[in-house]
Amino acid sequence: MNFLYPIFTEQTECQDCYKCVRHCPCKAIRVENGHATVVPELCVLCGRCVIDCPAHAKHVRDDLTKTKKLFEVSHKVFVSLAPSFASEFADYSIEELCAALKLLGFYGISETAIGADIVSNEMAKRLNQAVTSIDSSLKSKLFLSSACPAAVEYIKHKLPQFAECISDCASPLLAHARFIKSTYGEDSRIVFVGPCIAKKREADVFPEIDVAISFTDLRKWLVDSDLSPKSKKIAKALSDSPNAFGFLPEKAGKGSLYPLDGGMCSSIKKYESENPNLSNIRMVAVSGIDQITSVLKGISSETLTEPLFIEFLSCSGGCVNGPGTSVSGSTALKQLSVVDYANNASNTGNKDILDKKLDLVAKIQIDKTFSSNHSEEEIRKALRSVGKFSTADELNCSCCGYDTCRDFACAMLDKRAEKTMCLSYMRKLAQKKANGLIQAIPSGVVIADRNLNIVECNKNFAKLMGPEIEEMYNALPGLEGADLSKITALSRFFADVLDINGPNLIEREVRDGKKIFHVSVFEIGKDDCVGGVIEDITAPQVQRNRIISQAKKVIDKNLSVVQKIAFLLGENAAETESMLNSIIESFANSENEPDPYDR
């Protein structure tokens with residue numbers, strides 16, 4: 001378990017349901033001993049496993065303690081507040097939220113959207129220039145946004161042929177962090193607050209960003225600090241300094257639209273007056289990490305006749321639905337909250353801010369050390385180990401979490417999956433074990449459905465029912481589908497147990513001609529399935545066993561009484577016990593002798 005990685009599994013809470021495997025777009029989950037853990041080499045930190053885990057066993061690294069430690073080493077700790085705050089903290093006014101953050105100890109609060117404005121301006125320039133330098137390469141025609149770190153890592157992991165088309169422009173967060181440091185001093189500390197888990201990796205990689213916490217973390221911190229929107233602490237702070245709370249250095253422009261599908265494209269287009277060639281570039285916006293592959297499928301330098309810019313957001317519906325949000329509900333309403341806020345912003349960022357000389361080049365290096373190259377023979381061998389001997393056996397049911405049986409086989413070879421994850425294999429294994437046990441039992445065993453049709457029986461049951469039934473069994477092993485009521489009158493006990501108001505267990509001794517059957521009928525599923533064990537107690541071996549069993553019962557029942565009156569009976573008590581034990585021993589020893597009735 002890696003608690004240092006932004007996402008980890010609490011194994012005691014994991015219910016081995018494989019839902020995280022099923023929903024992970026990169027299959028970055030390893031199952032060991034029935035428990036799922038994240039594989040950092042494959043994970044893109046989209047947060048799907050955190051959202052979809054029904055047992056809430058996937059946890060996000062808590063960086064609140066690290067954040068509070070920053071206050072001990074610096075008084076200039078800034079918040080870089082993600083633009084989706086408009087939907088997350090709609091219950092706070094801007095002044096109330098800024099006051100609350102300052103009461104927590106922050107020096108200043110600034111919008112990450114300022115970094116988005118800087119990135120939009122830079123991308124507008126780059127795209128404008130790209131129109132004039134198109135050649136036959138895909139890189140000169142296709143431009144992929146770098147704003148969403150989860151989407152960037154997904155493309156580099158899963159679609160490396162498009163990696164060169166990803167812009168090397170810094171993300172809005174990194175651009176904003178560099179802007180704060182250049183404006184307020186290199187000794188400034190930056191804490192990102194937003195809906196994104198992938199930003200934690202940015203904070204781990206880039207020294208300009210100290211910590212990244214989620215909206216959920218901040219909400220908890222505010223509640224624990226008694227800083228609800230209408231708290232007395234906030235009201236007093238606003239009353240004492242009514243003009244002291246707002247965003248530094250000012251509100252952002254249309255970079256506030258970045259949390260929405262198409263928000264980046266809309267923001268870039270606001271700089272079209274200075275970059276006239278933007279009108280020649282087509283723009284597409286995509287949200288949802290599952291859509292990335294289908295959107296890029298078939299794109300090549302030959303299929304593109306004009307430059308194309310694609311904006312990717314890994315969360316369906318945009319950042320307002322990020323894994324670090326605490327507000328649930330309508331995506332449309334959350335998006336409208338952001339739109340309403342952005343409508344009050346200026347069309348472009350402040351020119352003084354945009355013209356500031358900043359390093360806007362950045363790439364997160366992804367070292368993919370997890371290889372999965374297996375020969376066809378290795379894959380076939382892995383498939384055979386779970387009962388897939390031919391293509392027809394490959395059900396591709398996805399119960400294991402993988403789309404195909406071959407993908408599952410490769411995961412087993414990579415030590416990311418276990419055989420027990422295959423439902424069809426485990427069902428067949430259970431059936432084989434059950435069938436083997438039924439056939440090995442010396443008594444007659446039969447299972448019937450609610451209509452008293454036989455589901456399964458062993459050969460000993462057929463023998464007990466007579467030569468005709470035994471012949472039927474030889475022709476149809478198991479007698480599946482046969483009507484139990486036509487085979488034996490004992491079916492009445494099965495019907496009684498199946499009755500919704502009937503007993504769960506019936507034990508009877510029933511005479512059938514010269515034979516006496518001991519019948520045990522028990523429910524498997526009320527009004528659905530019933531099982532029975534039938535024993536011929538007139539058989540010599542059974543008689544011997546029953547005598548032994550009865551003698552043991554006599555000893556167990558009477559020994560305590562015998563001990564209490566031993567002083568009256570003297571040696572008679574010992575002789576009684578000795579006699580009973582000798583009976584047991586004589587019959588037990590005779591089990592190894594030939595049975596005179598065995599023909």
Side-chain angles (χ1 to χ4, degrees), residues 23-28 42-46 48 116 119-120 122-172 198 257-269 271-272 275-319 361-366 368 370 372-373 403-404 407:
H23 287 205
C24 178
C26 296
K27 304 304 179 196
L42 295 179
C43 179
V44 299
L45 292 171
C46 66
R48 287 281 296 274
V119 170
S120 291
E122 175 67 16
M123 286 303 301
K125 293 177 182 178
R126 292 188 182 192
L127 293 173
N128 183 71
Q129 178 62 32
V131 174
T132 63
S133 57
I134 297 176
D135 54 37
S136 60
S137 68
L138 181 62
K139 185 178 180 179
S140 70
K141 297 180 181 180
L142 180 63
F143 305 93
L144 307 180
S145 66
S146 60
C148 176
V152 168
E153 290 202 32
Y154 179 84
I155 293 170
K156 288 185 175 180
H157 275 315
K158 304 288 285 185
L159 304 164
Q161 67 272 30
F162 293 103
E164 64 175 5
C165 301
I166 301 172
S167 168
D168 65 353
C169 186
S171 70
L257 290 169
Y258 265 56
L260 308 179
D261 312 50
M264 183 178 186
C265 293
S266 297
S267 180
I268 290 174
K269 289 177 180 178
Y271 299 90
E272 192 170 1
N275 303 280
N277 288 334
L278 282 180
S279 59
N280 297 320
I281 293 185
R282 293 173 296 175
M283 294 188 178
V284 174
V286 179
S287 72
I289 201 163
D290 293 330
Q291 302 300 315
I292 295 177
T293 299
S294 60
V295 167
L296 293 176
K297 185 177 181 180
I299 290 181
S300 66
S301 59
E302 290 76 24
T303 57
L304 286 181
T305 57
E306 298 177 74
L308 173 64
F309 173 78
I310 304 180
E311 166 201 326
F312 287 116
L313 293 176
S314 70
C315 296
S316 180
C319 304
V361 175
K363 279 189 174 182
I364 295 181
Q365 184 64 37
I366 297 177
K368 186 174 180 181
F370 205 102
S372 183
N373 297 319
D403 295 333
T404 68
D407 290 342

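Here the structure is a predicted model, which is why all the values come from computation and not from measurement. Both backbone and side-chain heavy atoms feed into the values below; hydrogens, waters and symmetry mates do not.
Side-chain atoms of Asn275 do not come within 3.5 Å of backbone N or O of Asn277 as any donor-acceptor pair. Between the side chain of Glu311 and the backbone N or O of Met264, at least one donor-acceptor pair lies under 3.5 Å. Formation of a donor-acceptor pair under 3.5 Å by the Lys141 side chain with backbone atoms of Ser301 is found in this model. Side-chain atoms of Ser267 never come within 3.5 Å of backbone atoms of Gly263 as a donor-acceptor pair (strictly under, hydrogens ignored).
No side-chain heavy atom of Asp168 sits under 4.5 Å from any side-chain heavy atom of Ser146. Side-chain contact between Cys46 and Tyr154 is absent, with no heavy atoms from C-beta onward closer than 4.5 Å. Between Tyr258 and Leu313, every side-chain heavy-atom pair lies at or beyond the 4.5 Å cut-off. A heavy-atom distance below 4.5 Å is found between the side chains of Lys158 and Cys26. Under the 4.5 Å side-chain criterion, counting only non-hydrogen atoms from C-beta, Phe162 is in contact with Leu138. Contact check for Leu144 versus Phe312: side-chain heavy atoms found under the 4.5 Å cut-off. Counting heavy atoms from C-beta on, the side chains of Leu308 and Phe143 never come closer than 4.5 Å. In this structure, Pro307 and Arg282 have side chains that are not in contact, with every pair of non-hydrogen atoms separated by 4.5 Å or more.
Distance NE2/His157 to SG/Cys43: 8.0 Å, rounded to 0.5 Å. Residue Ile155 holds its CD1 atom at 12.5 Å from CD of Glu164, rounded to the nearest 0.5 Å. We find the NZ-CD1 distance between Lys139 and Ile166 to be 11.5 Å, quoted to the nearest 0.5 Å. Here the straight-line distance linking atom OG of Ser167 with atom CE of Met123 works out to 4.0 Å at 0.5 Å rounding. Rounded to the nearest 0.5 Å, atoms CG (Asn128) and CD (Glu272) are 9.5 Å apart. If you take OG on Ser140 and CD1 on Ile134, they are separated by 6.5 Å, rounding to the nearest 0.5 Å.
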- Verdict with supporting geometry, Val286 and Asp261, side chain to side chain contact (heavy atoms under 4.5 Å, CB included): CA-CA 6 Å; Val286 179; Asp261 312 50; over 6 Å; no
- Test log, rule side chain to side chain contact (heavy atoms under 4.5 Å, CB included), inputs Ile268 and Val119: CA-CA 9 Å; Ile268 290 174; Val119 170; over 6 Å; no
